[in-house]
Each structure stands twice: as structure tokens, then as C-alpha cells.
Amino acid sequence: SVLFADMRNFTGISERLGARETVAMLNEFFGDMTEAIFNWQGVLDKFIGDSIMAVFGAPLEGERDADNALASAIEMMQILRRLNDRRVQRGEMAIDVSIGIATGEVIAGTIGSAKRVDYTVVGDSVNLAARLENVTRYYGAEIIVSEETIQQAKVSVRNRELDLIRVKGREQPSGIYEVLGHQTDETFPNMDDVLRHYSEGLSAYRQRNWDQAIRSFRSALTANENDRPSNIYLERSVLFKENPPPGDWDGVWVMTSK
């Protein structure tokens with residue numbers, strides 16, 4: 001399982017800070033986030049600017065690699081809340097983080113040039129994890145994982161199915177899920193009601209029952225007006241009611257950007 005964690009709006013934040021403050025922020029951020037990786041047997045692959053890449057299951061594969069990746073992501077979000085509490089108390093800006101996880105086969109080994117090599121992993125699952133981290137912004141989610149990650153996990157974590165998407169540069173559609181194990185009543189009000197109506201709406205949407213889908217997603221938004229996935233599907237349902245998709249529609253949503 002490969003995990004990408006990225007600080008949102010880093011450019012905007014760094015523009016407000018000087019060089020010294022930016023480096024201090026990154027060091028504090030990386031220090032806290034990597035603890036959540038090491039606590040769950042993860043390997044820190046690299047820092048990429050303001051992003052972190054971690055691997056669970058390399059060089060030695062384990063039975064709980066997917067579980068460890070999920071637990072690490074949830075702990076990252078919990079640690080982030082404490083980090084932001086400290087930053088706000090110091091009069092500094094809070095940090096937002098998005099995480100993508102994908103599980104599957106990768107090529108692992110020392111890769112590089114004659115003068116420098118690094119141990120890392122490459123392959124489709126690495127690319128997918130990076131894409132999933134990016135699409136969190138579209139869905140208004142903090143943690144998005146591949147269907148394979150949910151299937152491989154031995155312990156269930158609270159989640160909801162988000163979509164079936166085709167990311168840029170990949171022909172095979174990917175089922176994706178939002179992990180909600182870190183959410184609280186304060187961060188996600190009325191979660192039970194939202195998820196119940198959302199699930200009903202998603203089922204109706206895939207059956208092309210647009211009227212029922214619209215009612216369900218509106219009910220979900222009544223419970224929590226800020227639920228971005230419900231709003232996305234409400235907009236799609238209204239669109240498809242007025243302009244029905246073709247008969248061979250498979251429900252796949254094509255992402256046009258990385």
C-alpha cells in the first residue's frame with residue numbers, strides 16, 4: 001500500500017511566510033506526520049516538496065499492510081488537529097492535508113543513476129495513490145483510498161463509497177472510498193444521517209432513478225449542507241434527469257486533470 005500526503009495551499013501559505021518560517025513549518029509538519037508512518041510499520045520513501053510518500057509492505061510484504069496504511073492516515077489527521085491547535089495558539093495559520101492511498105503490485109528496488117540510487121517503489125499503484133491524493137480536492141475529502149485498499153484491510157474502518165472514476169493517464173476505472181475514521185461530531189455533523197441518505201441516493205443514481213436520487217441527496221444536504229459528495233451527486237442527478245446518459249453508461253466519471 002502506497003500513501004501520499006500533501007499540504008494543501010502550500011504556495012499560498014509560503015508566500016505569506018519568510019524563508020525561515022517556511023522551513024520551520026515544514027520541519028514541524030514532516031516531524032509530526034512521519035511519526036504516524038513509523039507507528040504503523042510504514043517506510044518513509046521520500047519528501048517531495050511539501051508532500052510525503054510512504055510505503056507499507058516493502059521490502060517485506062505483510063498481512064496488515066492495507067490496515068497499517070489506513071491507520072497511519074487516520075492518525076495523521078488526528079495528529080494534524082493537535083499540530084494546528086499549537087499553530088493557532090502561536091498566532092500561525094492552520095494547515096490542511098490531503099491523503100491518497102492505493103494498494104496493489106509495485107516494483108521495489110534501488111533505482112537511480114550511476115552516481116546516486118535510492119530504494120523506492122514504482123508502478124501503477126504508486127501513480128494511482130498520487131492521483132487519489134489530488135482528487136480529494138474535487139470531492140471535498142481528506143482521505144481517499146482505492147477499492148483494493150478497502151478490500152485488503154482485515155479491520156473495517158468507517159468509510160463510504162465515493163465514485164467509480166478513470167483518472168488521467170489510466171484506462172482501468174478505479175473504485176474509490178472516503179475514509180471517515182478520524183471524523184468527529186464536530187468535524188462531520190450528523191454523519192449517520194448523511195451517510196444513510198447518501199447511500200440511498202448513490203444506489204438510486206446507479207439505477208438511473210434520478211428523482212429518488214435527487215430526494216436522497218437533498219436529504220443528505222439538509223443533514224449537513226457542507227457535504228461535498230452529496231452536492232456533487234445532486235448536481236449530476238439533476239443533469240442526467242434533463243439529459244439522460246446513453247444506454248451503455250457504466251457510471252464511470254472521467255477525471256480530466258491530474
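Keep in mind that this is a model prediction, so the values were computed, not measured.
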Carboxylate-amine/guanidinium contact K46 D118, below 4.0 Å: no
Reference residue V55; test side chain to side chain contact (heavy atoms under 4.5 Å, CB included); the match among V121, V106, L44, L3: V121
D65 with K154: basic N within carboxylate O range, under 4.0 Å: no
Qualifying residues under ring pair (Phe, Tyr, Trp, His ring centres under 6.0 Å), relative to F240, sequence neighbours excluded: W210, W249
R8 side chain reached by D50 side chain, heavy atoms, under 4.5 Å: no
Ring pair (Phe, Tyr, Trp, His ring centres under 6.0 Å) partners of residues 13-37, not counting sequence neighbours, each pair once: F30-F47
Whether D227 side chain and L221 backbone form a donor-acceptor pair below 3.5 Å: no
Heavy-atom check, side chain of I37 versus side chain of M76, under 4.5 Å: yes
Donor-acceptor side-chain pairing of Q212 and R215 below 3.5 angstrom: yes
Lys/Arg N to Asp/Glu carboxylate O, D85 vs R87, below 4.0 Å: no
I111: hydrophobic cluster co-members (side-chain, 4.5 Å): I107, V122
Enclosure of D185 CG (heavy-atom neighbours >12, cutoff 6.0 Å): no
Considering all heavy atoms, the nearest N84-I95 contact: OD1-N, 2.7 Å
Other residues, nucleotides, ligands: >12 heavy atoms within 6.0 Å of R20 CZ: no
D96 vs M7 side-chain heavy atoms within contact, under 4.5 Å: no
Of all pairs that satisfy ring pair (Phe, Tyr, Trp, His ring centres under 6.0 Å), the ones with a partner from residues 167-193, not counting sequence neighbours: none
Residue list, ring pair (Phe, Tyr, Trp, His ring centres under 6.0 Å) with W40, at least two apart or on another chain: none
Pair R206 + E161, salt bridge at N-O below 4.0 Å: yes
Modelled atom types, side-chain donor and acceptor of S219 and T222, under 3.5 Å: no
Salt-bridge contact R131-D124 (side-chain N to carboxylate O under 4.0 Å): no
L180/Q183 under side chain to side chain contact (heavy atoms under 4.5 Å, CB included): CA gap, chis, key distance, verdict: CA-CA 5 Å; L180 301 165; Q183 299 286 7; 4.0 Å; yes
D163 and Y233 side chains, donor-acceptor separation under 3.5 Å: yes
Side-chain heavy-atom pair V252, I165 within 4.5 angstrom cut-off: no
For A69, all residues meeting side chain to side chain contact (heavy atoms under 4.5 Å, CB included), sequence neighbours excluded: S1, F56, I101
Test: R228 cationic atom under 6.0 Å from Y138 six-membered ring centre, within 45° of axis: yes
Note: E225-R218 ion pair, threshold 4.0 Å (strictly below): no
Salt-bridge present (D6, R137; N to O < 4.0 Å): yes
Test item: E178 and N159 side chains (from C-beta on) under 4.5 Å apart, heavy atoms: no
Salt bridge R16-E21, side-chain N to carboxylate O under 4.0 Å: no
Salt bridge present between R196 and D193 (N-O < 4.0 angstrom): yes
